[in-house]
Protein chains: 2
Amino acid sequence: MALFWEHGYERTAIADITAAAGVRSGSLYHFFATKEDVLTAVLEAYLQGLTPQVMGPAFAAAEDPLERIFAVLAGYRARILATEFRYRCPVGSLALEMQNASERARELVRENFAGWRAAIAQCVRDAAPALRENADPESLATFVLTVMEGGVMQAAAERDIARYDDSVRHLRAYFDTLERIDR
Amino acid sequence: MALFWEHGYERTAIADITAAAGVRSGSLYHFFATKEDVLTAVLEAYLQGLTPQVMGPAFAAAEDPLERIFAVLAGYRARILATEFRYRCPVGSLALEMQNASERARELVRENFAGWRAAIAQCVRDAAPALRENADPESLATFVLTVMEGGVMQAAAERDIARYDDSVRHLRAYFDTLERIDR
DNA sequence: GTCTATACCCTGATAGAC
DNA sequence: GTCTATCAGGGTATAGAC
């Protein structure tokens, strides 16, 4: 996972993986038939880690459903800073790299995105009493994921957290306009 | 440019490039010292093409400065559909792939992003009379680029234009809230 | 400037002993 | 299950004739 995230799939050689694991190629090929099987295993691990690693900590940090959304986004901000701008969303990066890859890999990217949006959409639904009636949870979740991916990409490319912060700030301003006026 | 865009930098071999060009490797290495020099030339070409290829046609399609922004975004929508969801922003894709690449390549990615944002920021400035006074052109341009990159990524990954359309629609709704109330 | 030919390394993957 | 050893192919890049 770390190697694919840091260098991408193509730039990571089997030899890099076995060296990092401290084993020889025979051991790796005992468990994985091909390099692409390693990739799908990594994407499956990301899917498994979505709730415990990404959503769980953020949801624990806030009670209010809308604040939970921005706590998730704050988590990505922390990752960017902790990695000194080397952070890229692993799913998003692989999504672009795997455009012409196996159907299984592409399906796992879709599932990762869908799971991420589902968690955010639930927050929007939980916040429904405070929102206008026409606020659509699914398309808003897509919008939040869009802002995260685009903001992370720009912050990493320019090594400037302001790109991410500006993006999230405008998203917050938009959410403010969705709140009921009579509240 | 086409090969890097379609398959990415790593997956494109020198032999692929020379075959597509109908020449032998000696010819390519007469003009480019290394493969990475080919990459920087491609990124320079994207920079050169920003105005004539991306901004120009969109700006010609609309007079109103805010409509020009959404005409640019409509251009990307058309590219997604015309390529049957194989379209990825070439700069964004290379930005993620080139994270650990040469400083020159990273600088060219930054310049491409900066040029894109500058054109959008100018639209916001031109629209200033219709907008609230606190509408900041630079951070709004960042936000527009964020939405484009994130929306294109999701649409390509899921082969569903709705991801892009939802993102742009919410961006439009946000811009609507930035307009002067007294107009 | 373009060609042929090739060096040389690294790639994913395999065979088979232990 | 893990190891050593290695294969066959493809990778970037070069040499040198024309």
Side-chain angles (χ1 to χ4, degrees), chain A residues 1-48 86 88 90-109 112, chain B residues 1-48 86 88 90-91 93-109:
Chain A
M1 289 173 79
L3 290 168
F4 285 173
W5 168 76
E6 180 99 35
H7 305 290
Y9 175 76
E10 292 288 339
R11 283 179 82 101
T12 301
I14 297 285
D16 298 331
I17 299 172
T18 53
V23 296
R24 256 42 64 194
S25 74
S27 302
L28 185 142
Y29 279 101
H30 177 74
F31 294 100
F32 302 96
T34 66
K35 186 185 177 186
E36 190 155 309
D37 279 11
V38 180
L39 171 69
T40 55
V42 163
L43 285 168
E44 281 163 2
Y46 278 124
L47 197 54
Q48 294 295 318
R86 289 196 312 279
R88 312 170 291 174
V91 178
S93 299
L94 290 174
L96 291 184
E97 198 174 352
M98 294 298 99
Q99 191 76 349
N100 299 312
S102 74
E103 184 51 40
R104 176 68 185 143
R106 297 195 60 256
E107 184 187 327
L108 279 165
V109 167
N112 269 283
Chain B
M1 290 174 79
L3 290 168
F4 285 172
W5 168 75
E6 180 100 35
H7 305 290
Y9 175 75
E10 292 289 339
R11 284 179 80 104
T12 302
I14 298 286
D16 297 332
I17 300 173
T18 53
V23 297
R24 256 45 61 195
S25 74
S27 302
L28 184 141
Y29 279 101
H30 178 74
F31 294 99
F32 302 98
T34 65
K35 186 185 175 186
E36 189 155 308
D37 280 10
V38 181
L39 172 68
T40 56
V42 164
L43 285 168
E44 281 163 3
Y46 278 124
L47 197 54
Q48 293 295 319
R86 289 196 311 280
R88 311 169 293 173
V91 179
S93 299
L94 289 175
L96 290 185
E97 198 174 352
M98 294 299 100
Q99 190 76 350
N100 300 311
S102 75
E103 185 50 40
R104 176 70 184 140
R106 297 197 60 254
E107 184 187 327
L108 279 165
V109 167

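Chain letters run A, B, ... following the sequence lines, proteins first and then strands; every chain starts at 1.
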Let me know the distance between [atom1] of [X] and [atom2] of [N], rounded to the nearest Å.
{"X": "F32(A)", "N": "dT14(C)", "atom1": "CZ", "atom2": "C1'", "result": "18 Å"}
{"X": "R24(B)", "N": "dA17(D)", "atom1": "CZ", "atom2": "C1'", "result": "16 Å"}
{"X": "L39(B)", "N": "dT12(D)", "atom1": "CG", "atom2": "P", "result": "13 Å"}
{"X": "E36(B)", "N": "dG11(D)", "atom1": "CD", "atom2": "P", "result": "18 Å"}
{"X": "F31(B)", "N": "dC3(C)", "atom1": "CZ", "atom2": "C1'", "result": "14 Å"}
{"X": "E10(A)", "N": "dG11(D)", "atom1": "CD", "atom2": "C1'", "result": "12 Å"}
{"X": "I14(B)", "N": "dG10(D)", "atom1": "CD1", "atom2": "P", "result": "16 Å"}
{"X": "Y9(A)", "N": "dG12(C)", "atom1": "OH", "atom2": "C1'", "result": "9 Å"}

Taking for each residue the nucleotide of DNA chain C bearing the nearest heavy atom, is the 5' side occupied by R11(A) or by S27(B)?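 Nearest-nucleotide comparison on DNA chain C picks S27(B).
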
Would you indicate what S25(A) reaches in the nucleic acid, counting non-hydrogen atoms under 4.0 angstrom: base, sugar-phosphate, or nothing?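 Base contact.
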
Would you indicate what T12(A) reaches in the nucleic acid, counting non-hydrogen atoms under 4.0 angstrom: base, sugar-phosphate, or nothing?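 Sugar-phosphate, no base atom in range.
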
Starting the side chain at C-beta, find the nucleotide from dC3(C), dC3(D), dT12(D) nearest to K35(B).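 So the side chain of K35(B) is nearest to dT12(D).
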
Could you please name the option among dG1(C), dT12(D), dA13(C) that lies closest to any side-chain atom of T34(A)?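 Nearest nucleotide to the side chain: dA13(C).
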
Expected output: side-chain T12(A) to main-chain L3(A) donor-acceptor under 3.5 Å: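 Yes; at least one donor-acceptor contact below 3.5 Å.
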
As an exercise, state the distance from CD1 of I17(A) to OG of S27(A), rounded to the nearest 0.5 Å.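 Between atom CD1 of I17(A) and atom OG of S27(A) there are 13.0 Å.
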
How many angstroms lie between atom CH2 of W5(B) and atom CZ of R86(B), to the nearest 0.5 angstrom?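 It comes to 5.5 Å.
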
Test salt bridge (charged side-chain N to carboxylate O under 4.0 Å, His left out) on E97(A) and R11(A) and set out the steps. CA-CA 11 Å; E97(A) 198 174 352; R11(A) 283 179 82 101; over 6 Å; no

Residue-phosphate contact under 4.0 Å: Y29(B) side-chain N/O, dA13(D) OP1/OP2: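 The answer is yes; a side-chain N or O of Y29(B) sits under 4.0 Å from OP1 or OP2.
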
Starting from the C-alpha separation in whole Å, work towards a yes-or-no answer on side chain to side chain contact (heavy atoms under 4.5 Å, CB included) for N112(A) and L94(A). CA-CA 11 Å; N112(A) 269 283; L94(A) 290 174; over 6 Å; no

